[in-house]
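Scroll down for the structure; my scribbles are underneath it.
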Amino acid sequence: MFIPPSNKWQGRNYQKDRLRAEIWSLLKKQNICQRNPQGHIPNFKGCEKAAENLAGLSIWQKANVIKCNPDSPCMPIRLRALQDGKCLYMAVPQLKTRRCFVELTAENLQKRSICLEEAAIAQKALSYGRLVSFEEMQPIDLVTVGCVAVTRNGGRMGKGAGFADLELAMLAELNLITGITPIVTAIHPLQIVENSRLLMEAHDWPLNWIITPFEVIETQTIYPRPQGLNKEMIRSEQYETMPILRDWKEAGWVMKPNQNC
């Protein structure tokens with residue numbers, strides 16, 4: 001029997017666990033990543049070129065507010081957002097604080113003589129940026145997410161923890177993203193699999209665009225987007241580790257409307 005390599009989030013879906021293990025093993029064998037990709041969003045070689053390709057799209061050029069994940073391969077995207085004068089929101093890893101996003105702008109950083117290259121590093125961003133609550137955030141024009149595997153019809157899969165799907169559901173709940181906000185990922189071509197190999201579930205958010213160092217793919221996905229939080233899918237340990245979820249539950253799931261929308 002095939003037993004996927006250890007990953008602390010494995011065990012929730014055997015089929016996805018197996019596919020993740022296959023992709024991680026392939027990337028490692030082909031020496032595609034900056035470090036061992038096992039258990040991570042792969043930090044693939046060429047992520048800088050993928051960020052450049054993304055910046056050439058009209059969806060990027062029209063966007064004033066970008067949401068980006070803290071994973072290493074998205075560092076060039078975070079840097080490009082700051083260089084292009086966009087407001088950048090980065091999720092606090094694993095949403096461990098009540099103010100679970102960090103806001104960064106080039107204007108604010110430069111006033112404090114902080115170089116943009118430093119601020120684009122996830123750990124530095126947590127120090128240099130401003131922690132914000134959902135109520136303080138502006139509506140988001142473009143979302144980037146990290147993926148382990150994707151399909152050309154918009155399927156996606158992360159590490160298995162579910163943080164990206166949860167973040168997007170929370171943002172949708174407060175109208176900070178809409179049904180047409182573009183969702184984008186940057187990956188290496190070896191992370192693209194056949195459509196039939198990746199089963200999308202009701203809580204999974206599909207991709208509109210896939211960006212590689214060599215290709216730009218508009219998925220034209222037909223997968224539906226979740227409408228917001230599926231409270232039945234929230235696990236007990238998530239209430240323990242994510243204060244904002246615990247607060248919302250204790251308040252009877254009455255979220256404050258965002259005044260910026």
Side-chain angles (χ1 to χ4, degrees), residues 2-51 53-54 67-78 90-91 93-95 122 143-169 183-217 219 221 223 225-226 233 235 238:
F2 174 84
I3 301 176
S6 177
N7 169 28
K8 64 181 178 180
W9 291 299
Q10 73 180 39
R12 296 167 186 163
N13 185 306
Y14 177 79
Q15 182 180 350
K16 288 183 177 180
D17 286 344
R18 181 169 183 152
L19 181 56
R20 285 186 193 95
E22 178 184 319
I23 295 296
W24 283 328
S25 177
L26 176 62
L27 294 175
K28 183 176 180 180
K29 182 178 180 180
Q30 296 292 329
N31 193 29
I32 295 300
C33 297
Q34 309 288 348
R35 62 171 181 173
N36 185 353
Q38 169 66 39
H40 303 284
I41 299 298
N43 190 11
F44 62 96
K45 297 174 183 177
C47 58
E48 296 85 359
K49 177 59 178 175
N53 291 344
L54 172 57
K67 182 265 181 193
C68 193
N69 61 311
D71 297 300
S72 297
C74 286
M75 193 277 285
I77 297 176
R78 295 192 295 270
M90 187 190 81
Q94 302 183 29
L95 304 177
V143 169
T144 68
V145 294
C147 295
V148 174
V150 304
T151 61
R152 288 178 179 269
N153 67 349
R156 59 165 295 276
M157 178 178 70
K159 296 175 292 191
F163 294 120
D165 291 322
L166 185 56
E167 290 166 17
L168 293 175
I183 300 177
V184 180
T185 196
I187 52 95
H188 189 274
L190 290 180
Q191 295 173 251
I192 303 174
V193 302
E194 293 296 323
N195 295 345
S196 60
R197 298 205 61 200
L198 210 168
L199 175 66
M200 291 287 281
E201 300 176 84
H203 63 277
D204 292 327
W205 286 72
L207 297 166
N208 301 110
W209 293 84
I210 297 167
I211 316 295
T212 83
F214 318 105
E215 186 179 11
V216 171
I217 303 164
T219 68
T221 186
Y223 289 121
R225 290 188 177 188
M233 293 295 298
R235 300 182 299 275
Q238 290 178 313

Minimum heavy-atom distance between [X] and [Y], given as atom pair plus value:
X    : Y    : value
V148 : G158 : CG2-O, 3.4 Å
P73  : P42  : CG-O, 3.2 Å
R152 : I210 : CA-CD1, 4.2 Å
N53  : F214 : ND2-N, 4.1 Å
H188 : K45  : CD2-O, 4.2 Å
Q191 : F44  : OE1-CD2, 4.0 Å

Side-chain contact, heavy-atom cut-off 4.5 Å: [X] with [Y]?
X    : Y    : answer
T151 : R197 : no
K159 : D71  : yes
W205 : I183 : yes
L207 : C147 : yes
I217 : V150 : no

For this session: Take K16 and R20 through the side chain to side chain contact (heavy atoms under 4.5 Å, CB included) test and state the conclusion after the steps.
Result: CA-CA 6 Å; K16 288 183 177 180; R20 285 186 193 95; 3.6 Å; yes
Atom [atom1] in [X], atom [atom2] in [Y]: separation rounded to 0.5 Å?
X    : Y    : atom1 : atom2 : value
D204 : L198 : CG    : CG    : 8.0 Å
N69  : F163 : CG    : CZ    : 12.5 Å
I211 : L54  : CD1   : CG    : 5.0 Å
S72  : H40  : OG    : NE2   : 8.5 Å
M200 : M157 : CE    : CE    : 11.0 Å
L27  : K29  : CG    : NZ    : 12.5 Å

For this session: May I have the step-by-step check of side chain to side chain contact (heavy atoms under 4.5 Å, CB included) for L190 and I23, ending in yes or no?
Result: CA-CA 8 Å; L190 290 180; I23 295 296; over 6 Å; no
Does any N or O in the side chain of [X] come within less than 3.5 Å of the main-chain N or O of [Y], such that one atom is a donor and the other an acceptor?
X    : Y    : answer
T212 : I187 : no
W24  : P37  : yes
N36  : Q38  : yes

Exercise. L168 and V145: side chain to side chain contact (heavy atoms under 4.5 Å, CB included), yes or no, with the steps?
Worked result: CA-CA 10 Å; L168 293 175; V145 294; 4.2 Å; yes
For this session: Could you give me the CA-CA distance, side-chain angles and deciding distance for R225 and N208, then say whether side chain to side chain contact (heavy atoms under 4.5 Å, CB included) is met?
Result: CA-CA 11 Å; R225 290 188 177 188; N208 301 110; 2.7 Å; yes
